[in-house]
Amino acid sequence: MCTSILYTAGDHYFGRNLDLEVSFGQEVVVTPRDYPFDFRKMPTLNHHYAIIGMALVKDNYPLYFDGANEEGLGMAGLNFAGLAHFSPVEDGKDNVSPFEFIPYVLGQCKDVAEAKKLLTNLNLVNINFSDQLQLSPLHWLIADRQGASIVVESTQSGLHVYDNPVGVLTNNPEFPSQMTNLANYQSVSPADPVNTLMPKKELKTYSRGLGSHMLPGGMDSESRFVKECFTLHNAPAGGSELENVTNYFHCLHAVEQQKGLDEVAPDTFEYTIYSDGINLATGTFYYTTYENNQINAVQMHNVDLDAKKLAQFPLVKEQVINNQN
Ligand SMILES: C[C@H](CCC(=O)NCCS(=O)(=O)O)[C@H]1CC[C@H]2[C@@H]3[C@H](O)C[C@@H]4C[C@H](O)CC[C@]4(C)[C@H]3C[C@H](O)[C@]12C
C-alpha cells in the first residue's frame, strides 16, 4: 500500500509513503535539464525541466517512483493492482509507457493546468522497461505549487483524469469510489461529539478524542484514504519551514505501515520503506526511511542543473540517536 499527499501550509509539500515488502534499491536522483529522456514511442526530450525524486537508476535511465520538477510540479505512482489497464500502441496518440510517464509529464509541464493539456491525447501503453522490470499497475497523483491536484487512472474503460479536491491518493478502489466513501465519515471530528443518538438523555464522555472514535485505522487502502484525509485536513500550518516539514511527516507517518502488521505472503510483511516530501516552492526534497526516522534533505538547486550527468544520493538508512548524556 502507499499513500501520497499534498500538504498546504503557506508553501505546498508533496510526496508519499512507499509501502512494499521488497526494496528496489532506490535513491534520491536529480536529472539535470540536458540529460536526454528517451521514450519508446515518443521523440527524445533533449532539454526539459530538471527533476528531483526517488528513483532506481537502471542502464542510466532514472525510473522515478515519485518526484517534482524545478517549476514545482510533483507526481507519484501508486499501486492500482487489478484495475490498471494499459493499451496497445495506437497511431495518432501520444503513446507513453507507465515507466516513462513521470519524466514525460515533469519534463514538460510547469503546473497541473499544463499537465491536463498534455494528457488530452495520451495513451498509456503496455511496454515493459525490460524482461526483468515489467509493467507496474499504477495510478498517479499530480500536484503543483499553487495547490491544484489531479489523479490519473487508466482502466478498461479508458484514461481518466480526475480533479482531486482532497490532495490524497492511496490504492484501490478507483478514485471516485474513494471520494464517495468519504461521505460515510463526515461526522468524524477533532472536537467532542454532540449527542444526537439520544438528544434528550445525557451521555458522559469517558475519553478525549471521542470525535474521532469512528475513524478507520486499518492498513487497507480505503481506511488509509479516510484516515489521511482527516489527518491532513486538520493539520495545522506551521510558522516556519521546520514546523511545516515536521507537520508534513506526522501526516504521512499517521498512515505508515509498521513491520509485522500487513502480511502479504506467509511471514512476509509490507511496511513503509520510505516517506518523502518536497517543498514545491523551494525544491528541497526531504525523506525518512523505516530504519532512520531522522529527516534527511537534498536541495535540488544545490546541484548543477545544467550538468550532463545524473546526481545520485544514496539513502541514509542508519538511525542516529542523539545521546544526551
Ligand atoms: C510498488 C510501488 C508502489 C507501492 C505501492 O503502491 N504499494 C502497495 C502495494 S499493494 O497495493 O498493497 O499491493 C511502485 C511505485 C513505483 C514503481 C516503480 C516505478 O514505476 C519504476 C519501475 C517501473 C518498472 O516498470 C518496474 C520497476 C519499477 C522500479 C517500479 C516498481 C514498483 O512497481 C514501484 C516501486
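Since we're looking at a predicted model, the values are computed, not measured. Counting starts at 1 for both ligands and their atoms, in listed order. Below, all heavy atoms of this structure are taken into account, side chains as well, without hydrogens, waters or symmetry copies.
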Check: Nearest non-hydrogen atom to atom 21 (C) of ligand 1 belongs to which of Leu63, Leu78, Leu169?
Finding: Leu63
Check: With a cut-off of 6.0 Å (strictly less than), are more than 12 heavy atoms of other residues, nucleotides or ligands near CE of Met214?
Finding: no
Margin query: Using a plain distance cutoff, I'd like to know if Asn171 has any nitrogen or oxygen under 3.5 Å from a nitrogen or oxygen of ligand 1.
Written below: yes
Checklist line | His301 atom NE2: more than 12 heavy-atom contacts under 6.0 Å | finding: yes
Check: Between the candidates Val264, Thr3, Asp19, which shows the shortest non-hydrogen contact distance to atom 7 (N) of ligand 1?
Finding: Asp19
Next item on the list: Kindly indicate, with the supporting measurements, whether the criterion ring-ring contact (aromatic ring centres under 6.0 Å, His included) is fulfilled by Tyr274 and Tyr287.
Entry: CA-CA 7 Å; Tyr274 69 79; Tyr287 72 89; 8.0 Å; no
Margin query: Checking contacts here: is it the side chain or the backbone of Gln26 that comes within 4.0 Å of ligand 1, counting heavy atoms only? Could be both or neither.
Written below: neither
Margin query: Considering Leu133, Leu138, Ile127 one by one, which has a heavy atom nearer to atom 27 (C) of ligand 1 than any of the others?
Written below: Leu133
Item checked: Heavy-atom gap Asn172 to ligand 1 smaller than 4.0 Å -> no
Next item on the list: Assess whether atom NZ of Lys41 is packed by more than 12 heavy atoms of other residues, nucleotides or ligands within 6.0 Å.
Entry: no
Notebook entry, point to check: Tell me, which pairs form a ring pair (Phe, Tyr, Trp, His ring centres under 6.0 Å) where one or both residues lie in residues 219-252, sequence neighbours left out?
Noted result: Phe249-His253
Item checked: Cation-aromatic face contact Lys259/Phe269, 6.0 Å, 45 degrees -> no
Checklist line | Proximal atoms of ligand 1 relative to Leu20 (non-hydrogen, under 4.0 Å) | finding: 1 (C), 7 (N)
Margin query: Under a 4.0 angstrom heavy-atom cut-off, which atoms of ligand 1 come close to Gln134?
Written below: 24 (C), 25 (O), 26 (C)
Margin query: Check contact between Gly77 and ligand 1, using heavy atoms of the residue and a distance below 4.0 angstrom.
Written below: yes
Margin query: Closer than 4.0 Å to some heavy atom of Cys2 - which atoms of ligand 1 meet that?
Written below: 3 (C), 4 (C), 5 (C), 6 (O), 7 (N), 8 (C)
Margin query: Tell me every residue that passes ring pair (Phe, Tyr, Trp, His ring centres under 6.0 Å) with His12, counting only those two or more places apart in sequence or in another chain.
Written below: none
